[in-house]
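One structure below.
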There are 2 protein chains.
Amino acid sequence: MQDALSRTFSALADPTRRAILARLRRGEATVSQIAEPFLTQMTLPGVTKHLKVLETAGLVTKSRDAQWRPCTLNVAPLTDATAWMEEYRVQMEASLDRLGLYLKSVTNTTLEPNDDDAAADNDAQTV
Amino acid sequence: MQDALSRTFSALADPTRRAILARLRRGEATVSQIAEPFLTQMTLPGVTKHLKVLETAGLVTKSRDAQWRPCTLNVAPLTDATAWMEEYRVQMEASLDRLGLYLKSVTNTTLEPNDDDAAADNDAQTV
DNA sequence: ATTATACTTTACCAACTGGCTAATTAACCG
DNA sequence: CGGTTAATTAGCCAGTTGGTAAAGTATAAT
């Protein structure tokens with residue numbers, strides 16, 4: 001199909017799949033346990049399909065226990081994705097610096113962890 | 001369409017688009033300048049489409065200068081993606097620890113930056 | 001043997017993606 | 001004005017994605 005990194009990013013590009021990963025972060029779970037919170041919006045085969053995508057991306061490993069399929073999280077592909085992002089870290093920090101300068105110029109406040117003014121404007125698109 | 005994070009990951013899930021971002025990391029470039037390295041494998045409208053995806057994901061900003069469209073990198077969406085990944089940092093570190101222990105048990109060697117044995121096995125899928 | 005549980009597979013569908021060619025828009029140059 | 005350069009738009013197409021319902025498989029329980 002495509003390269004591993006593309007498969008990883010592609011697998012992460014869906015809120016349901018990210019929610020499945022978040023669930024598995026709390027520990028192993030069977031397919032039905034994973035599916036349960038989604039069954040109001042989606043059928044079981046739908047969840048199975050999402051799991052398949054995560055599986056082929058190497059993010060989830062499925063094992064067998066009688067008729068159950070316990071799934072576990074496998075973060076190895078995430079380290080590659082993180083490494084890719086890391087290349088842009090310098091620019092991201094510069095971007096955050098610009099945010100800090102901007103906020104300082106607008107609110108006359110520095111960026112402190114629990115500064116409400118800063119937090120409120122944190123999701124501004126461009127700085 | 002979908003949420004911002006999904007749009008970001010989706011935009012990153014293509015090697016051509018990642019290459020475009022890498023190009024823009026070196027500085028502003030017009031559409032034809034960006035397209036040039038890809039024209040052996042793809043036409044100009046193809047590149048335009050990829051740029052559109054990056055633009056709607058907020059990763060690229062296009063401005064106007066006569067008939068040229070200078071594009072710049074915008075890393076803001078990457079900080080959100082990085083923040084999402086950060087949630088899995090603990091598991092990633094544990095995974096790397098397991099890699100270290102495994103390598104130690106197999107090669108009787110610790111993980112050193114320039115250890116050839118360790119580097120050669122670094123891309124092993126599961127540890 | 002039958003039934004129930006857990007899950008997958010198949011077949012179908014609409015929508016999206018990624019590519020193309022050809023046509024169009026917009027700006028500059030002489 | 002007419003031509004050239006830069007880029008986008010339109011229309012087409014094949015393949016993928018994300019969902020469904022219905023049928024199938026495998027294991028356990030009675």
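Each chain gets a letter, A, B and so on, in the order its sequence line appears, and its residues count up from 1.
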Quiz: residues 76-83 of chain B side-chain donor-acceptor pairs under 3.5 angstrom, not counting sequence neighbours:
{"from": "B/Thr79", "atom 1": "OG1", "to": "B/Ala76", "atom 2": "O", "distance (Å)": "2.6"}
{"from": "B/Thr82", "atom 1": "OG1", "to": "B/Leu78", "atom 2": "O", "distance (Å)": "2.7"}

_Rounding to an integer number of Å, can you tell me how far B/Leu54 CG sits from D/dT8 C1'?_
16 Å
*With sequence neighbours excluded, what pairs up with A/Gln67 under the side chain to side chain contact (heavy atoms under 4.5 Å, CB included) test?*
none
Distance-only criterion, 3.5 Å: show the donor-acceptor pairs between side-chain atoms of residues 12-23 of chain B and protein atoms not counting sequence neighbours.
{"from": "B/Asp14", "atom 1": "OD1", "to": "B/Thr16", "atom 2": "N", "distance (Å)": "2.8"}
{"from": "B/Asp14", "atom 1": "OD1", "to": "B/Arg17", "atom 2": "N", "distance (Å)": "3.2"}
{"from": "B/Arg17", "atom 1": "NE", "to": "B/Ala11", "atom 2": "O", "distance (Å)": "2.8"}
{"from": "B/Arg17", "atom 1": "NH1", "to": "B/His50", "atom 2": "ND1", "distance (Å)": "3.2"}
{"from": "B/Arg17", "atom 1": "NH2", "to": "B/Ser10", "atom 2": "O", "distance (Å)": "3.1"}
{"from": "B/Arg18", "atom 1": "NH1", "to": "A/Ser6", "atom 2": "OG", "distance (Å)": "3.1"}
{"from": "B/Arg18", "atom 1": "NH1", "to": "B/Leu12", "atom 2": "O", "distance (Å)": "2.8"}
{"from": "B/Arg18", "atom 1": "NH2", "to": "A/Asp3", "atom 2": "OD2", "distance (Å)": "2.8"}
{"from": "B/Arg18", "atom 1": "NH2", "to": "A/Ser6", "atom 2": "OG", "distance (Å)": "3.3"}
{"from": "B/Arg23", "atom 1": "NH1", "to": "B/Gly27", "atom 2": "O", "distance (Å)": "3.3"}

*So which pairs with a foot in residues 84-96 of chain B pass salt bridge (Lys or Arg N to Asp or Glu O under 4.0 Å), sequence neighbours left out?*
A/Arg25-B/Glu87, B/Glu86-B/Arg89, B/Arg89-B/Glu93
Restricting to nitrogen or oxygen on both sides, can you table the protein-nucleotides 18-28 of chain D pairs closer than 3.5 Å?
{"from": "D/dG18", "atom 1": "OP2", "to": "A/Arg17", "atom 2": "NH1", "distance (Å)": "3.1"}
{"from": "D/dG18", "atom 1": "N7", "to": "A/Lys49", "atom 2": "NZ", "distance (Å)": "3.4"}
{"from": "D/dG19", "atom 1": "OP2", "to": "A/His50", "atom 2": "NE2", "distance (Å)": "2.3"}
{"from": "D/dG19", "atom 1": "N7", "to": "A/Lys49", "atom 2": "NZ", "distance (Å)": "2.9"}
{"from": "D/dG19", "atom 1": "O6", "to": "A/Lys49", "atom 2": "NZ", "distance (Å)": "2.4"}
{"from": "D/dT20", "atom 1": "OP1", "to": "A/Thr43", "atom 2": "N", "distance (Å)": "3.3"}
{"from": "D/dT20", "atom 1": "OP2", "to": "A/Thr43", "atom 2": "N", "distance (Å)": "2.9"}
{"from": "D/dT20", "atom 1": "OP2", "to": "A/Thr43", "atom 2": "OG1", "distance (Å)": "2.7"}

*Can you find a side chain N or O atom of B/Lys52 that sits less than 4.0 Å from OP1 or OP2 on C/dT17?*
no
*Can you see which heavy atom on B/Cys71 is nearest to which on B/Val31, and at what distance?*
SG-CG2, 4.3 Å
*Rounded to the nearest angstrom, tell me the gap between atom CG in B/Leu51 and atom P in C/dG19.*
12 Å
*Is there a residue in residues 20-28 of chain B whose heavy atoms reach under 4.0 Å of DNA chain C, and which residues are they?*
none
*asked:* Rounding to an integer number of Å, can you tell me how far A/Gln33 CD sits from C/dT5 C1'?
replied: 14 Å
*Could you list all the salt bridge (Lys or Arg N to Asp or Glu O under 4.0 Å) pairs where at least one residue sits in residues 48-63 of chain B, not counting sequence neighbours?*
B/Glu55-B/Lys62
_Sequence-distant partners of A/Tyr88, ring pair (Phe, Tyr, Trp, His ring centres under 6.0 Å), two or more places apart_ = A/Trp84
*By side chain to side chain contact (heavy atoms under 4.5 Å, CB included) - contacts of A/Pro70 (at least two apart)*: A/Glu28, A/Ser63, A/Asp65
